[in-house]
Enquirer: 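I have a structure I would like to understand better, so I am pasting it below and will then ask my questions one at a time.
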There are 2 protein chains.
Amino acid sequence: MPSSIPDIVISRLPVYLRALERLSHEGQEVTSSHELGKRLGISSAQIRKDLSHFGGFGKQGTGYRITYLKDQLRQVLNVERDWEVALIGAGDLGSAVARYRGFSNRGFHIACVFDSSPEKINKHLGEFVIQPLESMAAVIVERGIKIAMIAVPAESAQSVADTLIGAGVRAILNYAPINLNVPDNVHVQYIDPVIHLQRMTYYLE
Amino acid sequence: MPSSIPDIVISRLPVYLRALERLSHEGQEVTSSHELGKRLGISSAQIRKDLSHFGGFGKQGTGYRITYLKDQLRQVLNVERDWEVALIGAGDLGSAVARYRGFSNRGFHIACVFDSSPEKINKHLGEFVIQPLESMAAVIVERGIKIAMIAVPAESAQSVADTLIGAGVRAILNYAPINLNVPDNVHVQYIDPVIHLQRMTYYLE
DNA sequence: TAGATTGTTAATCGATTAACAATC
DNA sequence: TAGATTGTTAATCGATTAACAATC
């Protein structure tokens, strides 16, 4: 029963971690489930319950020491180490992702960038040299990369995903607005701004 | 009881709509809850249950006519009309969002772009002229804009949100990696790639 | 000690699934 | 008609919340 913890619990841990990073950035050293809950719009009971799946991180009467809880959550989430991530697609979106400064202090860094269009190959993108799609599988196997971000057009996303998975990638963050079919042992997350917008327009007017 | 439909149901409708658009793009005219469910990794019962909140859109024996179901979902989600969206922040991320071609055929278009840094004001960004943050409230009130996307640094996100809400914005898509405090009648959605990545590393190794 | 807050249990609440009559 | 698939009900499953003893 090593992994009987509900995925919905896992999905909240990074949010807790981000809030804790914010709090310590603001100079705070201790917090409580109530304070955290108020910031996040979540009940304090839920936060305590979620955390209790992994151990007793707090102290009655005083709450949680932020540095300690941060470390514990990082350990649970497996982001104490630094993960190499492959980026596929060097268009507008891919370029923005490549230049994004927010990965490095949160457990990730982009290791390589690939694109299919011949005129982009060997061009620089920030600190990276864009490599051809044909080299992708080999590079990923060689470096043992397990995480990839897909920022190619919807039409090519599935075939890129297939190649990635064949090369050993186990987690995909997909920016293309399309659902991917992947084996059970591969994880996929989606980022599609329109999905979020449409979810809100339901409530408007 | 106009809005007793669970938010979790609403959150799946845009995903259904996207899959239907894909199917009709592929030339298909009819689908079933089974086919849709298989594509999305969702049970067919859940799809039928979700849709049944809004009416009977299918036919026993044959399934759903795709064009019809698409239209119905667009109506439910309130994206038959076109929504004007304000974009705040013209850095790397904001620029990529501004250039993104995926909004227009799905119910949204960017109407104006704002940034705080003096050297960007009046510069062009794609088809837009970057306007100063000081004009933001006035422009949003005047145009009656209800939706905004925040792509500014975490430090300024909350104060930008406060101004937006004061100007009448009711839905915010926040790209800044920070939780926003907003009144109950304002909707917020978050896009933070690191949250998604951290959710997957839990399962790796 | 008095006050505060945890971790946990039990109760509540809500969402998903299974099953099937209705019907195209 | 036979086969397929819907919409819906009831049963199951799982997640959230309330409450409180333990204790800092």
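Naming convention: chains lettered A, B, ... in sequence-line order (proteins, then strands); numbering from 1 in each chain. In what follows, every heavy atom counts, from backbone to side chain, and hydrogens, waters and symmetry copies are set aside.
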Enquirer: Which dot-bracket notation, 5' to 3', represents the base pairing of DNA chain C when pairs are defined as Watson-Crick or G-U with both distances under 3.5 Å, crossing pairs as [ ], and inter-strand pairs as |?
Expert: ..||||||||||||||||||||||
Enquirer: Could you tell me the separation between the CG atom of Asp192(B) and the CG atom of Leu197(B), rounded to the nearest 0.5 Å?
Expert: 9.0 Å
Enquirer: Give the table of side-chain donor-acceptor pairs shorter than 3.5 Å for residues 163-184 of chain A, with sequence neighbours excluded, one pair per line with atom names and distance.
Expert:
{"unit_1": "Thr163(A)", "atom_1": "OG1", "unit_2": "Ser159(A)", "atom_2": "O", "d": "3.0"}
{"unit_1": "Arg170(A)", "atom_1": "NE", "unit_2": "Asn185(A)", "atom_2": "O", "d": "2.8"}
{"unit_1": "Arg170(A)", "atom_1": "NH2", "unit_2": "Asn185(A)", "atom_2": "O", "d": "3.2"}
{"unit_1": "Asn174(A)", "atom_1": "OD1", "unit_2": "Ala176(A)", "atom_2": "N", "d": "2.9"}
{"unit_1": "Asn174(A)", "atom_1": "ND2", "unit_2": "Ala176(A)", "atom_2": "O", "d": "3.2"}
{"unit_1": "Asn174(A)", "atom_1": "ND2", "unit_2": "Ile178(A)", "atom_2": "O", "d": "3.0"}
{"unit_1": "Asn179(A)", "atom_1": "OD1", "unit_2": "Arg18(B)", "atom_2": "NH2", "d": "3.1"}

Enquirer: Report all side-chain donor-acceptor pairs from residues 83-93 of chain B shorter than 3.5 Å, counting only partners two or more places apart or in another chain.
Expert:
{"unit_1": "Trp83(B)", "atom_1": "NE1", "unit_2": "Asn78(B)", "atom_2": "O", "d": "2.8"}
{"unit_1": "Glu84(B)", "atom_1": "OE2", "unit_2": "Arg143(B)", "atom_2": "NH2", "d": "3.0"}

Enquirer: How close do Phe114(A) and Met136(A) get, heavy atom to heavy atom, and via which atoms?
Expert: CE2-CA, 3.5 Å
Enquirer: For the CD atom on Glu80(B), are there more than 12 heavy atoms of other groups (residues, nucleotides or ligands in this structure) within a distance under 6.0 Å?
Expert: yes
Enquirer: Counting distance only, does the side-chain N/O of Gln72(B) pair as donor-acceptor with the main-chain N or O of Leu51(B) below 3.5 Å?
Expert: no
Enquirer: I'd like to know if the side chain of Gln198(B) and the backbone of Gly107(A) have a donor-acceptor N/O pair within less than 3.5 Å.
Expert: no
Enquirer: What residues from residues 55-75 of chain A pass a heavy-atom cutoff of under 4.0 Å to DNA chain D?
Expert: Lys59(A), Gln60(A), Gly61(A)
Enquirer: Of all residues at least two apart in sequence or in a different chain, which pass the side chain to side chain donor-acceptor pair (under 3.5 Å) check with His187(B)?
Expert: none
Enquirer: Has Ser44(A) got a side-chain atom pairing as donor or acceptor with Gly37(A)'s backbone, closer than 3.5 angstrom?
Expert: no
Enquirer: Please name all residues satisfying salt bridge (Lys or Arg N to Asp or Glu O under 4.0 Å) with Glu26(A), sequence neighbours left out, ordered by chain then number.
Expert: Arg22(A), Arg39(A)
Enquirer: Any pair with a residue in residues 58-78 of chain A that passes salt bridge (charged side-chain N to carboxylate O under 4.0 Å, His left out), sequence neighbours left out, goes on the list, sorted by first then second residue, please.
Expert: Glu21(A)-Arg74(A), Asp71(A)-Arg74(A)
Enquirer: Mind checking salt bridge (Lys or Arg N to Asp or Glu O under 4.0 Å) for Asp7(B) and listing every partner two or more places apart, or none if nothing turns up?
Expert: Arg199(A)
Enquirer: Separation of Arg48(A) atom CZ from dT9(C) atom P, in whole Å?
Expert: 14 Å
Enquirer: Figure out the CZ/C1' separation between Phe54(B) and dT8(D), and round it to whole Å.
Expert: 16 Å
Enquirer: Grab the N/O contacts between the protein and nucleotides 10-14 of chain C below 3.5 Å, and write none if there aren't any.
Expert:
none

Enquirer: Using a 4.0 Å cut-off on heavy atoms, which residues in residues 7-16 of chain A reach DNA chain D? List them by number, or say none.
Expert: Ile8(A), Arg12(A)
Enquirer: Looking at Ser43(A), I'd like to know whether one of its side-chain N or O atoms comes within less than 4.0 Å of OP1 or OP2 on dT17(D).
Expert: yes
Enquirer: Which whole-number value in Å describes the distance from His53(B) NE2 to dT6(D) P?
Expert: 17 Å
Enquirer: Taking only the side-chain heavy atoms of Ala45(B) (C-beta and beyond), determine which of dT16(D), dT17(C), dG7(D) contains the nearest atom.
Expert: dT17(C)
Enquirer: If you count the non-hydrogen atoms of other residues, nucleotides and ligands that lie under 6.0 Å from CZ in Arg81(A), is the total more than 12?
Expert: yes
Enquirer: If the condition is side chain to side chain donor-acceptor pair (under 3.5 Å), which residues does Tyr16(B) pass it with, not counting sequence neighbours?
Expert: Asp50(B)
Enquirer: Between Ile110(B) and Phe128(B), which heavy-atom pair has the shortest distance, and what is it?
Expert: O-CE2, 3.3 Å
Enquirer: Please list, by residue number, the residues of residues 26-34 of chain B whose heavy atoms come closer than 4.0 Å to an atom of DNA chain C; answer none if no residue qualifies.
Expert: none
Enquirer: How long is the line joining CD1 of Ile47(B) and C1' of dT16(C), in whole Å?
Expert: 13 Å
Enquirer: Over how many whole Å does the gap from Asp50(B) atom CG to dA15(C) atom C1' extend?
Expert: 10 Å
Enquirer: In whole Å, I'd like the distance from the CD atom of Gln46(B) to the P atom of dA19(C).
Expert: 17 Å
Enquirer: Output the distance between atom CG (Asp162(A)) and atom OG (Ser156(A)), rounded to the nearest 0.5 Å.
Expert: 12.0 Å
